[in-house]
S.K.: 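Sharing a structure here in structure tokens format.
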Protein chains: 2
Amino acid sequence: MSIYKEKREQTKNSLINSFWEIYEKKSLDKITIKNITDKAGYNRATFYVHFKDINDILQCIENQLFDSFDKMFKLTDIENYDQEYLLKKSIDLFTLNTRYYRLLLSPKGDPYFVETCKEKLKTLFHSIEKNNSSFTSNNVDFFLEYTVSGLISCILYWFESQPFPVEDLFNNLYKLIAACTLLD
Amino acid sequence: MSIYKEKREQTKNSLINSFWEIYEKKSLDKITIKNITDKAGYNRATFYVHFKDINDILQCIENQLFDSFDKMFKLTDIENYDQEYLLKKSIDLFTLNTRYYRLLLSPKGDPYFVETCKEKLKTLFHSIEKNNSSFTSNNVDFFLEYTVSGLISCILYWFESQPFPVEDLFNNLYKLIAACTLLD
DNA sequence: CATATATACAACACGTTGTCGAGTTTTGAT
DNA sequence: ATCAAAACTCGACAACGTGTTGTATATATG
């Protein structure tokens, strides 16, 4: 029973890894299931034992990232966060799994993944900003949209060129976010 | 000669329009060439007379939008722009072709199109900001990345729900952009 | 009117997909 | 040791989408 599950996990991971290695080179719509199983050394039919289709294997990776996201930001702790701490942890999260985020957040990546990341970050920043009475309901949503999309784009921009150390990434972003927060 | 070109244009436009109508309902990877030609009333092979593949027909639409973009922002005039005027014209541009932008900029859309729009807007905002000596070279790029991606996301956000009149869209965005500009 | 060219079509060969039933090997239980 | 179940392989299948080629019709040119 335990060896069954282990073997199953191993095959599944092997397929996921092979998929990702191909995805790092090819765009999603050019990848065939045979590409993946050939690289992993399995029969094409084995793929369908573990996944529904190519999108399913991508979603599988994304869900793992979402799990690590949720683990990092336990909802019970949020009350004690401030903007600075939240930004720090966000940068930590993205840099920890750079290999996946730098691709998934890029134009070659998955726009729906970006969307979900944005929504998750919005929730976090909103819970911090909710005591700030200077925002009307509409303005908060607008501010969050602006902040979070800027945040993600800048982190991705930093991934690509890494023009300065991660501390400056934090400082630059913190300045920008703080400036927008202090509006009437 | 004139009848050929007219007929050609007509067929091409018919295919483009049919494609877009389908694209408004289905995601790109589910659209087949037969879908398009059936709707337009042509043989599938006719598609290949005018376009290389499905991506080519999308690029064709995008290029038309880029043309209207460039026409709106003649590079010679930029010297006389200020931040306020540039933002106004940007909002004009997007709202004028809402039908196309709201889809192409969305998660269902084309990330590479978004990327090009961002680059074009960056160039414009950069030419205005270049006199502002408070930015170092790295900081300018960073500021532009943050501003432009926030700008586009917010316009798209406004497209979806339209929670307030377009004047407020401008005012809210102007406040956010101006706040970030005034950093040391 | 004859010839050349442009447009659209019908048919073809090819690759990918998702599924199936049958067979093999490895593991677990009695 | 024996039997059952699980994981995977194999070969084959129909269905579908793709891109190309040769051909017929409409239009333009000399």
S.K.: Given atom CZ of F51(A) and atom C1' of dG18(C), what is their separation to the nearest angstrom?
M.R.: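 To the nearest whole Å, that distance equals 16 Å.
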S.K.: Can you measure I36(A) atom CD1 to dT16(C) atom P for me and round it to whole angstrom units?
M.R.: 13 Å
S.K.: Calculate the interatomic distance between F47(A) atom CZ and dA7(D) atom C1'; express it in whole Å.
M.R.: 17 Å
S.K.: Given dT18(D), dA8(C), dT16(C), which nucleotide is nearest the side-chain atoms of K7(B)?
M.R.: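 Looking only at heavy atoms from C-beta outward on K7(B), the closest nucleotide is dA8(C).
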S.K.: Give the nucleotide from the list dA8(C), dG19(D), dA10(C) with an atom nearest to the side chain of V49(B).
M.R.: dA8(C)
S.K.: Please assess Y174(B) against K88(B) for the test side-chain contact (heavy atoms from CB on, under 4.5 Å), listing each intermediate value before the final yes or no.
M.R.: CA-CA 9 Å; Y174(B) 187 63; K88(B) 257 196 169 65; over 6 Å; no
S.K.: Is the CD atom of Q162(B) crowded by more than 12 outside heavy atoms at less than 6.0 Å?
M.R.: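 For Q162(B), atom CD is crowded (more than 12 foreign heavy atoms under 6.0 Å).
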S.K.: I need the CG-P distance between N35(A) and dT16(C), as an integer number of Å.
M.R.: 8 Å
S.K.: Output the rounded distance in Å from CG (D56(A)) to C1' (dG18(C)).
M.R.: 14 Å
S.K.: Honestly, is K120(A) close enough over F69(A), meaning NZ or CZ under 6.0 Å from the six-membered ring centre and within 45° of the axis?
M.R.: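 Positive - K120(A) is close enough to the ring of F69(A) and near enough to its axis.
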S.K.: Can you tell me which nucleotide in dC9(C), dG18(C), dG17(D) comes closest to the side chain of Y42(B)?
M.R.: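 Comparing dC9(C), dG18(C), dG17(D) against the side chain of Y42(B), the answer is dC9(C).
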S.K.: When the distance from CG of L28(B) to C1' of dG17(D) is rounded to whole Å, what number comes out?
M.R.: 15 Å
S.K.: Output the rounded distance in Å from CG (D53(A)) to P (dC16(D)).
M.R.: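 Result: 17 Å.
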S.K.: Could you report the tightest heavy-atom contact between N139(A) and N172(B), atom names first, then the distance?
M.R.: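 Reported closest heavy-atom pair: OD1-OD1, 3.4 Å.
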S.K.: I'd like to know if the side chain of N35(B) pairs up with that of K26(B) as donor and acceptor (distance under 3.5 Å, no hydrogens or angles considered).
M.R.: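 The criterion, which ignores hydrogens and geometry beyond distance, is satisfied for K26(B) and N35(B).
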S.K.: Is any side-chain N or O of N43(B) closer than 4.0 Å to OP1 or OP2 of dA10(C)?
M.R.: yes
S.K.: With no angle test and no hydrogens, is the base of dG11(D) tied to the side chain of R44(A) by a donor-acceptor pair under 3.5 Å?
M.R.: no
S.K.: Could you tell me how far apart K30(A) (NZ) and dG15(C) (C1') are, to the nearest whole angstrom?
M.R.: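 Rounded to the whole Å, the gap is 15 Å.
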S.K.: Respond yes when some side-chain nitrogen or oxygen of H50(B) is under 4.0 Å from OP1 or OP2 of dA8(C), and no when none is.
M.R.: yes
S.K.: Tell me whether the side-chain N/O atoms of T11(B) come closer than 4.0 Å to OP1 or OP2 in dA8(C).
M.R.: yes
